[in-house]
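These values consider heavy atoms only, across backbone and side chains, with no hydrogens, waters or symmetry-generated copies.
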Amino acid sequence: MGTTVANLPVERKGMTDPNYLLEVRNLKKFFPIQRGFFRRTVGYVKAVDDVSFYLREGETLGLVGESGCGKTTAGRCIIRLYEPSAGEAYIRSRVLSPNGSGDVAVNIFDLQPDQLKLLRREISMIFQDPINSLNPRMTVGDIIAEPMVIHGVYEPNTGRETVVNLLERVGLLPDHMKRYPHEFSGGQRQRIGIARALSLNPRVVICDEPVSALDVSIQAQTLNLLQDLQHDFNLSYIFVAHDLSVVQHISDRVAVMYVGKIVEMADSDKLYSKPLHPYTEALLSSVPKPDPRSKSKRIIMQGDIADPSSPPPGCYFHPRCRYVQEICKKESPAFREVEPEHFVACHFAEQLDLKGV
């Protein structure tokens, strides 16, 4: 395989829970702000600031928030398209197991390039914009086969059959192998991206807003396809999105982000019915109601979203929060478990009576 797995960075204590497939701890990603002729660093944009979450095998974790909150950056750090500034991300890997069988917990951020290449067989990504993530000079067949070629698992005799099976599984035809990306609609291009992400049979797939660029009718088809593939291939998803209706439909658990931090994380049904953070309540108030006779009582948040390069002291959300108290302006709330499997970063989570959907 071209790598030595005996020196893998394995945590001595193991992962927190044996049921976790992926565990992210205290993830940070700061982008430097450089100015002047000599490009001196004068500050940092805190795109992801101390984020922790976990993912179990076969489940979907929705990562939601306003544009610029850091949810896409967090996903790209996990797969190391961005190098993280700090933190850990442990995954149970089979390809990196010293004995070639079973699972071993490895820190993705400590892997060497040859080890990281092997791990890419188990974690992949579906990108938001399919037209920019597909090479316009390659045919669809070559695009889907490329990961297998890079990893040396493409066999001339069976490789074409694998590509055809993936195309059919995502709802395309074998004849589409010879076409180029520009010959397809947006929904079809996203299906090509999904097929490419599944070509190495991964365990974890990071879905970076895979339906936000699609029409509403095509969104439903793509979501249903992702759910079917999850069942058939035993996939675990991190589903990044800003549409709360979409996230509710596909997610088992939901983590809400605001200015680089997770402010609430809980089971999907619990979070939508009984939120514990004022920001989550405000987001849920904007979810369209299926009953046209129902009057919407949308919560209009005052002010602008905080600047990640210069966030306010205390709770980042306090300038826009209608329940703000003096302590919110001075002390940053701890991200704690208020109820079983329900985590929140709010000083008054137990006292507030917030409305869900």
**Q** If hydrophobic clusters are built from ILVMFWY residues whose side chains come within less than 4.5 Å, do Ile150 and Leu96 share one?
**A** no

**Q** Using the ring of Tyr316 (Phe, Tyr or Trp, six-membered ring only), decide whether Lys261 places NZ or CZ under 6.0 Å from its centre and within 45 degrees of its axis.
**A**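 Geometry flag: set, cation within 6.0 Å and 45°.
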
**Q** Give a yes-or-no answer on whether the side chains of Asn165 and Thr162 include a donor-acceptor pair shorter than 3.5 Å.
**A**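 Per modelled atom types, Asn165 and Thr162 side chains form no pair under 3.5 Å.
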
**Q** Between Val163 and Asp142, is any pair of side-chain heavy atoms under 4.5 Å apart?
**A** no

**Q** Is the backbone N or O of Ser236 less than 3.5 Å from a side-chain atom of Arg56, with the two atoms forming a donor-acceptor pair by type?
**A**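 Not at all, since once roles are kept as given, no pair shorter than 3.5 Å links the two residues.
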
**Q** For the hydrophobic clusters of this structure (ILVMFWY residues joined by side-chain heavy atoms under 4.5 Å, transitively), does one cluster hold both Ile108 and Phe53?
**A** yes

**Q** Looking only at non-hydrogen atoms, find the nearest pair between Ala197 and Ile126 and report the distance.
**A**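 Distance-wise, the nearest heavy atoms are CB-CG1, 3.8 Å.
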
**Q** With a 3.5 Å cut-off and no angle check, do the side chains of Ser212 and Gln128 form a donor-acceptor pair?
**A** yes

**Q** Arg35 versus Arg40: any side-chain heavy-atom pair under 4.5 Å?
**A**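 No - every pair of side-chain heavy atoms lies 4.5 Å or more apart.
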
**Q** Can you check whether Tyr258 and His277 have ring centres sitting under 6.0 Å from each other?
**A** no

**Q** A side-chain contact here means heavy atoms from C-beta on lying under 4.5 Å apart; do Val324 and Phe317 qualify?
**A** no

**Q** Does any N or O in the side chain of Gln219 come within less than 3.5 Å of the main-chain N or O of Val211, such that one atom is a donor and the other an acceptor?
**A**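 The answer is yes, because a donor-acceptor pair under 3.5 Å joins these two groups.
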
**Q** Is any NZ, NE, NH1 or NH2 atom of the basic residue among Arg253 and Glu59 found under 4.0 Å from an Asp or Glu carboxylate oxygen of the other?
**A** yes

**Q** Would you confirm whether Asp49, through its side chain, and Gly260, through its main-chain N or O, come within 3.5 Å as a donor-acceptor pair?
**A** no

**Q** Which is it for Val247 and His242 under the side chain to side chain contact (heavy atoms under 4.5 Å, CB included) test, yes or no, and what are the steps along the way?
**A** CA-CA 8 Å; Val247 172; His242 61 265; over 6 Å; no

**Q** Short question: side chain of Ser52, backbone of Asn26 - any donor-acceptor pair under 3.5 Å?
**A** yes

**Q** Using a strict cut-off of less than 4.0 Å between a Lys/Arg side-chain nitrogen and an Asp/Glu carboxylate oxygen, indicate whether Arg336 and Glu350 qualify as a salt bridge.
**A** yes

**Q** Tell me whether Arg203 is salt-bridged to Glu57, with the criterion being a basic N under 4.0 Å from an acidic carboxylate O.
**A**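 A salt bridge links Arg203 with Glu57.
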
**Q** Dump the intermediate steps for salt bridge (charged side-chain N to carboxylate O under 4.0 Å, His left out) on Glu339 and Lys274, then the final yes or no.
**A** CA-CA 11 Å; Glu339 300 175 358; Lys274 188 184 177 183; 3.4 Å; yes

**Q** How many angstroms lie between atom CE of Met148 and atom CG of Asn201, to the nearest 0.5 angstrom?
**A** 11.0 Å

**Q** Between Asp103 and Arg94, does at least one N-O distance fall below 4.0 Å, as a salt bridge requires?
**A** yes

**Q** Is any side-chain heavy atom of Leu200 closer than 4.5 Å to one of Arg120?
**A**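 SC-SC contact between Arg120 and Leu200 ruled out.
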
**Q** What I'd like to find out is whether the side chain of Leu111 reaches to under 4.5 Å of the side chain of Asn107, using heavy atoms alone.
**A**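 No, too far: nothing below the 4.5 Å cut-off.
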
**Q** Test side chain to side chain contact (heavy atoms under 4.5 Å, CB included) on Ile238 and Ile78 and set out the steps.
**A** CA-CA 10 Å; Ile238 295 177; Ile78 294 170; 4.0 Å; yes

**Q** Would you say Ser309 and Asp307 are linked by a side-chain donor-acceptor pair, where the criterion is simply a distance under 3.5 Å?
**A** yes

**Q** Do Gln230 and Thr60 pair up side chain to side chain, a donor and an acceptor below 3.5 Å, judged on atom types alone?
**A** yes

**Q** Show your working on side chain to side chain contact (heavy atoms under 4.5 Å, CB included) between Ile305 and Glu66 and close with a plain yes or no.
**A** CA-CA 9 Å; Ile305 189 170; Glu66 294 173 281; 3.7 Å; yes

**Q** In this structure, would Phe348 and Phe335 fall into the same cluster of hydrophobic residues linked by side-chain contacts under 4.5 Å?
**A**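 As far as the 4.5 Å side-chain criterion goes, Phe335 and Phe348 are not connected within one cluster.
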
**Q** Between Glu122 and Leu119, is the side chain to side chain contact (heavy atoms under 4.5 Å, CB included) condition met? List the steps.
**A** CA-CA 5 Å; Glu122 296 186 303; Leu119 186 69; 3.6 Å; yes

**Q** Any Lys/Arg nitrogen of Arg320 or Glu281 sitting under 4.0 Å from an Asp/Glu carboxylate oxygen of the other?
**A** no

**Q** Does a side-chain heavy-atom distance below 4.5 Å link Arg189 with Leu214?
**A**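 Sidechains of Leu214 and Arg189: no contact.
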
**Q** Would you say the side-chain atoms of Lys29 pair up with the backbone N or O of Glu83, donor to acceptor, closer than 3.5 Å?
**A** yes

**Q** So does Gly314 get a backbone contact from the side chain of Lys329, meaning a donor-acceptor N/O pair under 3.5 Å?
**A** no

**Q** Between the main-chain N or O of Lys178 and the side-chain N or O of Thr139, is there a donor-acceptor pair closer than 3.5 Å?
**A** no

**Q** State, with a plain yes or no, whether a side-chain heavy atom of Glu88 is found less than 4.5 Å away from one of Glu23.
**A**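 The answer is no; the side chains never approach within 4.5 Å.
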
**Q** Roughly how far, to the nearest 0.5 Å, is CG of Leu235 from CG of Asp228?
**A** 11.5 Å

**Q** Donor-acceptor pair, Arg25 side chain versus Gly87 backbone, under 3.5 Å?
**A**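 Not a single qualifying donor-acceptor pair exists.
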
**Q** When you look at CG of Asp304, are more than 12 heavy atoms from neighbouring residues, nucleotides or ligands closer to it than 6.0 Å?
**A** no

**Q** Using modelled atom types and a 3.5 Å cut-off, is there a donor and acceptor pairing between side-chain atoms of Ser97 and backbone atoms of Val104?
**A** no

**Q** Counting only heavy atoms not in Tyr44, do more than 12 fall under 6.0 Å of its OH?
**A**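 At most 12 heavy atoms, drawn from other residues, nucleotides or ligands, come within 6.0 Å of this atom.
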
**Q** Are Val153 and Phe233 co-members of a hydrophobic cluster defined by side-chain heavy atoms under 4.5 Å apart?
**A** yes

**Q** Please confirm whether the ring centroid of Tyr82 lies under 6.0 Å from the ring centroid of Phe31.
**A** yes

**Q** Does any part of the side chain of Cys346, heavy atoms only, come nearer than 4.5 Å to the side chain of Cys315, both counted from C-beta?
**A**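 Heavy-atom side-chain distance check fails, nothing below 4.5 Å.
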
**Q** Is the backbone of Val140 close enough, under 3.5 Å, to the side chain of Arg196 for a donor and an acceptor to pair up by distance?
**A** no

**Q** Could you tell me the separation between the CE atom of Met257 and the CD atom of Glu264, rounded to the nearest 0.5 Å?
**A**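 Taking CE in Met257 and CD in Glu264, the distance rounds to 14.0 Å.
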
**Q** Say whether Val263 and Leu276 are linked into one hydrophobic cluster, either directly or through other cluster members, by side-chain heavy-atom distances under 4.5 angstrom.
**A** no

**Q** Rounded to the nearest 0.5 Å, what separates atom CG in Asn234 from atom CG in Leu21?
**A** 9.0 Å

